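Shown next, in structure tokens, is the structure this report addresses.
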Amino acid sequence: MNITGNTIFIPGATSGIGLALAIQLQSRGNTVIVGGRRTDLLHQIATDHPGIDTVQIDTTDADSIRSATMQVIAAHPHLNVLIAMAGIMRIEDWHSARGFLEQAESTVTTNLLGPIRLIGELIEHLQRQPDATIVTVSSGLAFAPLAVTPTYNATKAAIHMLSESIRLQLADTTVKVVELVPPAVRTALLPGQQESPVAMPLDEFVDEVMYLIENNPGANEIQVERVGFLRFGEARGDYDQVVAVLNGSDPH
Ligand SMILES: NC(=O)c1ccc[n+]([C@@H]2O[C@H](COP(=O)([O-])OP(=O)(O)OC[C@H]3O[C@@H](n4cnc5c(N)ncnc54)[C@H](OP(=O)(O)O)[C@@H]3O)[C@@H](O)[C@H]2O)c1
């Protein structure tokens, strides 16, 4: 993906990683459209960042995805990049259904079905563009499990394999598939995460992502250095220790 000159739709950018990326991408000469459910934040973003367009979208709702994507294409016919950012992370207790089932269903609908439906609405349009990119958003937790968030980990592992698979199918088109693999980053994704000393500061993360896009535009995955610990545990052969450290049970 080129760092400049794109028209980029980011559903899931009213806060956190999506918003920080939207601001950076706009400053590098891209047209950016931010999506999300919270209209107060959408209005604030439009006021604070003239030129960034906004659209209300609930990515758990197929009708909302359809009308929002139609609205974006009508206003921005050169749309050539989708960053499927919207996601939720819920703590679950799998000892009984009441401890996890509702959270698990919402997580699958938001984190997995949402990106699938978004791609479904946009894939034909993207193939008509001379150069297009779908950016999926997985996580280091796609590669090593955090015990308290089973369905989150599973949806992110699914996003990884979905990205690998559709990249193969779409190799005969103008559409590239790039997977953003964040480590823990200081956002409001989980309560307390914005202050977490083990999470990466948001501005550092986004600066490194921009550096990687600029310096390695053909990469299939955007991996900041910090995510390597989780991403490559199995390949390095220290997966068990990675899982123990991640879950606070490492004896060292
Ligand atoms: N922070 C981390 O440590 C980390 C690590 C790995 C991966 N990630 C991934 O990065 C992505 C962004 O998360 P974040 O950390 O930036 O957290 P965040 O600040 O909570 O941002 C989540 C964004 O997703 C949007 N969203 C959630 N549900 C939605 C829905 N049904 N429809 C439309 N938008 C929805 C939210 O907007 P509204 O509430 O306005 O709808 C918000 O803009 C997620 O996919 C997350 O899994 C984050």
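Remember, it's 1-based here, ligands and their atoms both numbered in the order they're listed. A quick note: this is a predicted structure, and the numbers were derived from the prediction, not measured.
Near Ser139, the atoms of ligand 1 lying under 4.0 angstrom from a non-hydrogen atom of the residue are 6 (C), 7 (C). Atoms of ligand 1 found under 4.0 Å from any heavy atom of Gly16 (numbered from 1 in listed order, with element): 16 (O), 19 (O). Here is the list of ligand 1 atoms found below 4.0 Å of a heavy atom in Val137: 9 (C), 10 (O). Shown in contact with Tyr152 at under 4.0 Å from a heavy atom are these atoms of ligand 1, numbered in order with element: 6 (C), 7 (C), 8 (N), 9 (C), 46 (C), 47 (O). Within ligand 1, the atoms closer than 4.0 Å to a non-hydrogen atom of Thr60 are 31 (N), numbered from 1 in the order shown. Interface atoms of ligand 1 facing Gln193, defined by a heavy-atom separation under 4.0 Å, are 1 (N), 2 (C), 3 (O). When each atom of ligand 1 is checked for a heavy atom of Ile57 under 4.0 Å away, the hits are 32 (N), 33 (C).
Atom 28 (N) of ligand 1 has as its closest protein heavy atom Arg37 NH2, 3.2 Å. Looking from atom 31 (N) of ligand 1 to the surrounding protein, the closest heavy atom is Asp58 OD1, 2.9 Å. The nearest heavy-atom contact from the protein to atom 48 (C) of ligand 1 is Leu189 CD2, 3.5 Å. Of the protein's non-hydrogen atoms, Thr59 N, 2.8 Å is the one closest to atom 32 (N) of ligand 1. Regarding atom 37 (O) of ligand 1, its nearest protein heavy-atom neighbour is Thr14 OG1, 2.8 Å. Of the protein's heavy atoms, Gly87 O, 3.8 Å lies nearest to atom 22 (C) of ligand 1. Closest protein heavy atom to atom 16 (O) of ligand 1: Ile17 N, 2.8 Å.
Within the 4.5 Å cutoff, no side-chain heavy atoms of Glu102 are placed close to those of Arg90. With a 4.5 Å cut-off on side-chain heavy atoms, Thr7 and Asn30 do not count as touching. Taking the side chain as every heavy atom from C-beta outward, Ile83 and Thr136 never approach each other to under 4.5 Å.
Distance alone, capped at 3.5 Å, places no donor-acceptor pair between the Asn247 side chain and the Leu146 backbone. Not a single donor-acceptor pair under 3.5 Å links the side chain of Asp238 to the backbone N or O of Glu234. Between the side chain of Asp58 and the backbone N or O of Thr60, at least one donor-acceptor pair lies under 3.5 Å. Listed for the Arg167 side chain is a donor-acceptor partner under 3.5 Å among the backbone atoms of Asn220. A donor-acceptor contact shorter than 3.5 Å links the side chain of Gln193 to the backbone of Val185. A donor-acceptor distance shorter than 3.5 angstrom exists from the side chain of Thr4 to the backbone of Arg28, with no hydrogens or angles considered.
Heavy-atom distances between Arg186 and ligand 1 stay at or above 4.0 Å for every pair. At least one heavy atom of Ser138 sits less than 4.0 Å from an atom of ligand 1. Heavy atoms of Pro11 come nearer than 4.0 angstrom to ligand 1 in no pair at all. Distances from ligand 1 to the non-hydrogen atoms of Met85 include at least one value under 4.0 Å.
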Report all side-chain donor-acceptor pairs from residues 108-118 shorter than 3.5 Å, counting only partners two or more places apart or in another chain.
unit_1 : atom_1 : unit_2 : atom_2 : d
Thr109 : OG1    : Glu105 : O      : 2.7
Thr110 : OG1    : Ser106 : O      : 2.9
Asn111 : OD1    : Ile88  : N      : 2.9
Asn111 : ND2    : Ile88  : O      : 2.9
Asn111 : ND2    : Thr155 : OG1    : 3.3

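Across Glu179, Lys156, His160, a single residue satisfies side chain to side chain donor-acceptor pair (under 3.5 Å) together with Ser138, and that is Glu179.
With rounding to the nearest 0.5 Å, the separation of CD1 in Ile3 from CG in Leu212 is 9.5 Å.
Residues satisfying the ring pair (Phe, Tyr, Trp, His ring centres under 6.0 Å) test with Phe229, not counting sequence neighbours, are none.
Residue contacts with ligand 1 for Met89 are absent, since no atom lies close enough (heavy atoms, distance under 4.0 Å).
With distances taken over non-hydrogen atoms, the option nearest atom 1 (N) of ligand 1 out of Leu180, Thr187, Thr136 is Thr187. Closest heavy-atom approach to atom 19 (O) of ligand 1 among the candidates Ser15, Gly12, Ala86: Ser15. By heavy-atom distance, the residue among Pro183, Ala188, Ala184 lying nearest atom 5 (C) of ligand 1 is Pro183.
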